[in-house]
Number of protein chains: 2
Amino acid sequence: MAVTIKDVAKIANVAPSTVSRVIANSPRISEKTKEKVREVMHQLGYHPNFIARSLASQSTQAIGLIMPSSTDIVFQNPFFPIVLGGLSEGAQAKQYVLHMTTGKTDHEIYEGVVSMIQGGRVDGMILLSSKVEDKVLSYLHEQDFPFVVIGKPFKDTESITHVDNDNFKAAREVTNYLISLGHEKIGFIGGDLNLVVTVDRLLGYEKALEEAGIPLTSEYIIHNQFLREGGREAVQILLSSGAMPTALVVADDLMALGVLNALDEVGISVPEDLSIVSFNNVMIAEMAKPPLTSVDINIFNLGFEAAKSLIQKIENPNEPAKRIIIPYEIVERLSCSEPKAKKGSTP
Amino acid sequence: MAVTIKDVAKIANVAPSTVSRVIANSPRISEKTKEKVREVMHQLGYHPNFIARSLASQSTQAIGLIMPSSTDIVFQNPFFPIVLGGLSEGAQAKQYVLHMTTGKTDHEIYEGVVSMIQGGRVDGMILLSSKVEDKVLSYLHEQDFPFVVIGKPFKDTESITHVDNDNFKAAREVTNYLISLGHEKIGFIGGDLNLVVTVDRLLGYEKALEEAGIPLTSEYIIHNQFLREGGREAVQILLSSGAMPTALVVADDLMALGVLNALDEVGISVPEDLSIVSFNNVMIAEMAKPPLTSVDINIFNLGFEAAKSLIQKIENPNEPAKRIIIPYEIVERLSCSEPKAKKGSTP
DNA sequence: TTGTACGCGTTATCAC
DNA sequence: GTGATAACGCGTACAA
């Protein structure tokens, strides 16, 4: 059996409570006994038992996270490991650990969250992608359990702490960028409309067109999974509709890669025939041929700040909800140019 | 305060211990009282407190994992999220959760492991990449704490449970494949020689050459980080040495991608001028231009089996150490062909 | 079959 | 400043 606080107390000739106070570095203990107790702790190789501490203090120093199932879209996207990195570093900075489970179905995930929380395993939760109707979110909200969502909650935006990019603005900005290059036939390929992020980006895209006086073309707007296959299919839909835009706003790099592949196969070249801007700026954006102009949404910081503000919320339960906006940056590469028709005409 | 076992006991008119037994589904409780107690549990929305349970039963149903720092090589490689997926699904299957921390330096990681274990937070540990001199591994080993390593331990292979591929055999096989295509000038680009996996693959490569009676050329063997930049640099070294092989065994897809990029820049085309086979078969292998012939090492299963056998070990502490070999598969794509010189001569 | 009592290793609330 | 002592919520001998 491991050495406990009692063992230390006995050898140091003090009471267990004194040892506990030394651990907590209580100011009401004399430097002399502190020294003595620390000496013994060291000598015995004492390590505090987190479980017992958690039980007594009703806090675990752990934050919960439900991983999407490995078959899931979210998981296959490089987005995931990067937020995870940010989360764990943000947690680590405040001496918190990450506590993870997986769930295959929505129901499994829900049950996982409930047992994590009711079981007292974690002090707070991180919610990854928020859907339009999110049972988990509603649950946490009504339980008044500390949580923060990465992305934008569909409703109650004001009362839920979340960290997000200004996706609306970003989408408007990249669309304007394409417009400024001379494009008018601009399409949008986004993910599941149940995901709030898709909605935001779509709205930004629409807003930009509207402001430029360009009418929306419904054939130009396609939704699919945030995956490479989603991008491929989107191109096929576009092709079969007969109406091909000259530029595309794609809501995810992986999708954009699928788009690139599909275009390559049918001999449409980027950026000569078609310009593309995408979102996230993960490694593949740089690797693609041609390298993609992409919106760097600073994924790592999304995670880092989420962890930070969750811990803040855990330790100050009465603070009001916050919205944290992580800045984005458009990284120009080689996937955009002026539309073909205009090309010769400008000079 | 949450509803406890006592509350349930009171309402159900039984002793707390009875409720506890109902939860554990003890056979010595009558079906009738079980029914009654369950009814009350449901009605009150009772959820067992994991922390208290852990303290009493001295087991946490959690397995520990130290994430590499997000700045680290391991982390940037798509390998990581995939094993993580396997691990978490393997854990989930037996109702275990994952407990994660990060560590920037080796020392931080070591301290993290010690406090995780001595703090009683986890029942077992997963070790990701095993280095040649691994303090963490030695610590766990001498503590006789349940752990399994993914990859091959440098020493004590027989007494340490690990799950691995037969990297030696795989490397020999792909090298033979290149030889069978007619190549004789075959290079090897691997990762850090401190990583056991690199050593294994290098040895397999050397063995194949030896068996084919092809002398080793030290200029053809290069080590670098398992990253894209590592691949780029390797090519530069190769180029500046003046001796360019006609084929390359690259120990990692991401490195291979770097190789591809660097070759592209200097106008060497794959597979016409140079054949490449790489390892891991992550998504980018398929995405690369040309798509890479790669050894699929079944990363997900590596994680899945690791979690499974760790839990097995936790629940049966006396079982002897096991070695689990996950099968690999060579996935042929378009990055290999016969060497140029031989090309015309065969028909 | 069920209840009583104690222990798991801490923290926290009193006293002194 | 420091020492008893009671929680924290549950598992489990031991009794009954």
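Below, chain A is the first sequence line, B the second, and so on; all start at residue 1. Being a predicted model, the structure only gives us computed values, none of them experimental.
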> Taking only the side-chain heavy atoms of A:Ser30 (C-beta and beyond), determine which of D:dT2, C:dT11, C:dG9 contains the nearest atom.
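Closest of the options to the side chain of A:Ser30: D:dT2.
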> Identify whether any heavy atom of A:Ser26 sits under 4.0 Å from a base atom; if not, whether one sits that close to sugar-phosphate; answer base, sugar-phosphate or nothing.
nothing
> Compare all side-chain heavy atoms of B:Ile150 with those of B:Leu87 and state whether any distance is below 4.5 angstrom.
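SC-SC contact between B:Ile150 and B:Leu87 confirmed.
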> Write down the distance between CD (B:Gln118) and C1' (C:dC8), rounded to a whole number of angstrom.
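Result: 17 Å.
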> Whole Å only: how far is the CZ atom of B:Arg121 from the P atom of C:dT10?
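Spelled out: CZ on B:Arg121 to P on C:dT10 is 13 Å.
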> Report the residue (B:Ser57 or A:Val19) whose heavy-atom-nearest nucleotide on DNA chain C is the more 5′ of the two.
B:Ser57
> Taking atom P of C:dG7 as reference, at what distance in whole Å does atom CD1 of A:Ile51 sit?
21 Å
> By nearest atom, which of the nucleotides D:dT12, C:dT10, D:dT2 is closest to the A:Arg21 side chain?
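Out of D:dT12, C:dT10, D:dT2, the nucleotide with an atom closest to A:Arg21's side chain is D:dT2.
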> Do A:Glu319 and A:Gln312 have a side chain donor and acceptor closer than 3.5 Å?
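A:Gln312 and A:Glu319 do have a side-chain donor-acceptor pair below 3.5 Å.
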> Would you say B:Thr18 places a side-chain N or O within less than 4.0 Å of OP1 or OP2 belonging to C:dG3?
yes
> Taking the side chain of B:Thr4 as its heavy atoms from C-beta onward, which of C:dT11, D:dC10, C:dT2 lies nearest to it?
D:dC10
> Roughly, in whole Å, what's the span from CD in B:Glu35 to C1' in C:dT1?
16 Å
> Which of these nucleotides, C:dG9, D:dT2, C:dG7, is closest to any side-chain atom of A:Leu55?
C:dG9
> How is A:Pro16 classified with respect to the nucleic acid when contacts are heavy atoms under 4.0 Å: base, sugar-phosphate, or nothing?
nothing
> Using a heavy-atom cut-off of 4.0 Å across all strands, would you classify B:Phe50 as base, sugar-phosphate, or nothing?
nothing
> Just how far, in rounded Å, is P of C:dT1 from NZ of B:Lys32?
13 Å
> Salt bridge check, B:Lys94 against B:Glu315: does any charged N sit closer than 4.0 Å to a carboxylate O?
no
> A:Ser20 has a side chain; which of D:dG9, C:dT10, C:dT11 sits nearest to it?
C:dT11
> Answer with base, sugar-phosphate or nothing: what part of the nucleic acid does A:Thr33 contact at a heavy-atom distance below 4.0 Å?
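Since only primed, P, OP1 and OP2 atoms lie under 4.0 Å of A:Thr33, the category is sugar-phosphate.
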> Considering every strand and a 4.0 Å limit on heavy-atom distances, what is the contact class for A:Arg53: base, sugar-phosphate, or nothing?
sugar-phosphate
> Find the distance A:Ile5:CD1 to D:dT5:C1' and express it as a whole number of Å.
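Roughly 15 Å, once rounded to whole Å.
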> Please tell me whether B:Lys152 and B:Asn165 have a donor and an acceptor in their side chains that are separated by less than 3.5 angstrom.
no
> Of all the nucleotides listed (D:dG3, D:dC8, C:dC8), which has the minimum atom distance to the side chain of A:Gln58?
D:dC8
> Is A:Asn13 touching bases, backbone alone, or none of the nucleic acid, heavy atoms closer than 4.0 Å?
sugar-phosphate
> For B:Arg28 and D:dG11, what is the distance between atoms CZ and C1' respectively, to the nearest whole Å?
12 Å
> Hey, is NZ on A:Lys308 packed in by over 12 heavy atoms from elsewhere, all under 6.0 Å?
no
> Rounded to whole Å, please give me the gap between CD1 in B:Ile29 and C1' in C:dT2.
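The answer, rounded to whole Å, is 6 Å.
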> Respond yes when some side-chain nitrogen or oxygen of A:Ser17 is under 4.0 Å from OP1 or OP2 of D:dG3, and no when none is.
no
> Just by distance, with hydrogens left out, do B:Ser20 and B:Ser17 show a side-chain donor and acceptor under 3.5 Å apart?
no
